[in-house]
Amino acid sequence: MISGATRGKGGSGLWRHLLDYKHQNDAVMVGASRGLIETGTKNQIKELTHIGSYASHSKPLHHVHADPAKDWTPDQWADFWKFYENEFSLQKQPFTEVVHVKHGREHKHRVYSLLLPSGSCIRMDNDFIRREKLNRLAEIRTGEPILSGRHNDAVIKALDAEGKTAQAQMLRDAGLEGTRTRGKLKPQERAQTGTHPY
């Protein structure tokens with residue numbers, strides 16, 4: 001399970017990326033959404049961009065993608081997004097979703113508004129480590145191979161602190177404690193890290 005995320009202000013660069021005008025995917029489909037009036041990815045990104053213009057933060061949108069190693073059932077996707085939203089306090093935030101199919105397998109993108117009624121934005125501190133934790137938990141739940149991340153020890157420590165000792169031990173048993181991925185990413189892996197500017 002690989003995921004990536006960036007923060008930004010939205011705009012045409014984001015919806016063009018999501019709609020895949022460079023034809024990098026086999027298929028692009030509109031997914032779920034919440035709290036938006038508009039329909040269609042382009043119009044929903046425009047709406048999210050407009051909403052973000054009222055924020056005190058210069059990057060009020062959170063773009064995340066999730067790329068499991070195998071096809072997930074709808075229930076597995078629902079579980080992933082439930083845990084993701086709980087982790088980052090996004091349960092009530094507007095979002096739009098796009099589904100990409102590449103090499104016969106789905107991965108999903110979501111763009112969330114981080115704007116709160118106060119005009120401030122939801123904090124996304126340590127989001128890389130927190131996403132790695134969510135990835136490892138998703139691998140355990142779905143039976144995917146457990147991958148090594150860049151912050152294995154921090155993930156194990158966080159799981160222990162949250163009382164998820166069995167899951168932390170599974171990561172230790174998989175040899176992740178005291179290790180981290182190193183070296184340059186392959187092009188496909190780099191594309192999956194969520195480094196697209198918008």
Side-chain angles (χ1 to χ4, degrees), residues 1-9 14 55-70 72 75-93 95 97 100 105-116 120-198:
M1 167 68 186
I2 297 173
S3 69
T6 55
R7 286 188 68 168
K9 60 182 180 179
L14 178 57
S56 59
H57 196 286
S58 63
K59 296 180 178 179
L61 299 184
H62 176 69
H63 169 209
V64 57
H65 71 87
D67 191 355
K70 61 181 183 180
W72 279 356
D75 286 345
Q76 288 171 326
W77 276 113
D79 282 346
F80 176 80
W81 292 123
K82 178 183 76 175
F83 285 112
Y84 194 90
E85 290 187 354
N86 288 343
E87 178 71 31
F88 292 107
S89 301
L90 297 169
Q91 301 96 323
K92 297 181 180 179
Q93 297 304 112
F95 76 86
E97 178 183 271
H100 288 176
R105 189 167 43 83
E106 286 186 353
H107 68 274
K108 296 188 178 187
H109 296 252
R110 281 193 176 186
V111 180
Y112 287 91
S113 170
L114 300 177
L115 179 64
L116 296 169
S120 63
C121 286
I122 293 172
R123 295 178 62 102
M124 301 298 286
D125 299 340
N126 301 313
D127 72 306
F128 199 102
I129 294 170
R130 292 161 75 188
R131 278 188 290 103
E132 276 195 15
K133 178 186 70 175
L134 293 171
N135 292 349
R136 301 298 80 83
L137 290 171
E139 289 161 358
I140 291 169
R141 284 194 310 274
T142 62
E144 290 187 17
I146 297 175
L147 301 180
S148 178
R150 293 191 61 80
H151 303 282
N152 295 325
D153 288 342
V155 168
I156 291 169
K157 183 178 177 181
L159 291 173
D160 279 330
E162 293 172 10
K164 297 181 173 76
T165 54
Q167 293 90 335
Q169 188 57 49
M170 291 179 78
L171 300 189
R172 291 186 182 99
D173 293 344
L176 269 61
E177 192 168 38
T179 64
R180 60 183 285 178
T181 55
R182 299 182 189 278
K184 294 182 179 179
L185 295 175
K186 297 175 184 175
Q188 182 181 5
E189 293 169 331
R190 187 167 52 251
Q192 293 171 340
T193 60
T195 56
H196 302 285
Y198 61 92

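In this text, all values refer to a predicted model and were calculated from it rather than measured experimentally.
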Do you know the tightest heavy-atom contact between Pro60 and Lys9?
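Nearest pair, atom of Pro60 first, then Lys9: CD-CA, 3.9 Å.
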- Locate the shortest heavy-atom distance separating Ile129 from Ala154; write the atom from each residue and the value.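 Closest approach of Ile129 to Ala154, heavy atoms only: CG2-CB, 3.9 Å.
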Supply the atom-to-atom distance [X] [atom1] to [Y] [atom2], rounded to the nearest 0.5 angstrom.
X	Y	atom1	atom2	value
Lys133	Phe83	NZ	CZ	10.5 Å
Leu134	Ser3	CG	OG	7.5 Å
Thr179	Arg150	OG1	CZ	11.5 Å
Thr165	Ile156	OG1	CD1	12.5 Å

**Study point:** Carboxylate-amine/guanidinium contact Arg7 Asp127, below 4.0 Å
**Key:**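 Salt bridge: no.
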- Message: I'd like to know if Glu87 and Arg131 make a salt bridge, using a cut-off of under 4.0 Å between side-chain N and carboxylate O.
- Response: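 Result for this pair is no, no salt bridge flagged.
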Under a 4.5 Å cut-off applied to non-hydrogen side-chain atoms, are [X] and [Y] in contact?
X	Y	answer
Leu61	Phe95	no
Leu137	Lys164	yes
Glu144	Pro68	yes
Asn152	Leu171	no

Practice item. Carefully, step by step, assess Leu147 and Asn135 under the rule side-chain contact (heavy atoms from CB on, under 4.5 Å). Key: CA-CA 9 Å; Leu147 301 180; Asn135 292 349; over 6 Å; no
The criterion is side-chain contact (heavy atoms from CB on, under 4.5 Å); which residues satisfy it with [X], sequence neighbours excluded?
X	value
Gln76	Trp72, Thr73, Thr142
Ile122	Leu90, Gln93, Leu114, Leu116, Met124
Asn126	Arg130
Leu115	Ile51, Tyr54, Ala55, Ser113

Test side-chain hydrogen bond (donor to acceptor under 3.5 Å, both in side chains) applied to Glu139 - qualifying residues, sequence neighbours left out
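Glu139 satisfies side-chain hydrogen bond (donor to acceptor under 3.5 Å, both in side chains) with Arg136 only.
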Item checked: Test side-chain hydrogen bond (donor to acceptor under 3.5 Å, both in side chains) applied to Lys108 - qualifying residues, sequence neighbours left out ->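 side-chain hydrogen bond (donor to acceptor under 3.5 Å, both in side chains) list for Lys108, sorted by chain: empty.
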Got a sec, which residues hit salt bridge (Lys or Arg N to Asp or Glu O under 4.0 Å) with [X], two or more places apart in sequence or on another chain?
X	result
Arg110	Glu85, Glu97
Asp125	Arg123
Asp153	none

Does the plane of the ring in Phe80 sit parallel, tilted or perpendicular to the ring in Trp77? Use 30° and 60° as the thresholds.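 Ring orientation of Phe80 relative to Trp77: perpendicular.
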Requested in this report: Can you tell me which residue pairs pass the salt bridge (Lys or Arg N to Asp or Glu O under 4.0 Å) test with a partner in residues 165-174, sequence neighbours excluded?
Outcome: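 As it turns out, the salt bridge (Lys or Arg N to Asp or Glu O under 4.0 Å) pairs with a partner in residues 165-174, which skip direct neighbours, are Asp160-Arg172, Arg172-Glu177.
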**Q.** Those residues that, when tested against His107, pass ring-ring contact (aromatic ring centres under 6.0 Å, His included) (two or more places apart)
**A.**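 If we apply the ring-ring contact (aromatic ring centres under 6.0 Å, His included) test to His107, skipping adjacent residues, the hits are His100, His109.
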Does anything in residues 140-178 pair up under ring pair (Phe, Tyr, Trp, His ring centres under 6.0 Å), and if so which pairs, sequence neighbours excluded?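 Only Phe128-His151 qualify under ring pair (Phe, Tyr, Trp, His ring centres under 6.0 Å).
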Point to revise | Verdict with reasoning, Lys59 to Thr6, per side-chain contact (heavy atoms from CB on, under 4.5 Å) | key: CA-CA 9 Å; Lys59 296 180 178 179; Thr6 55; over 6 Å; no
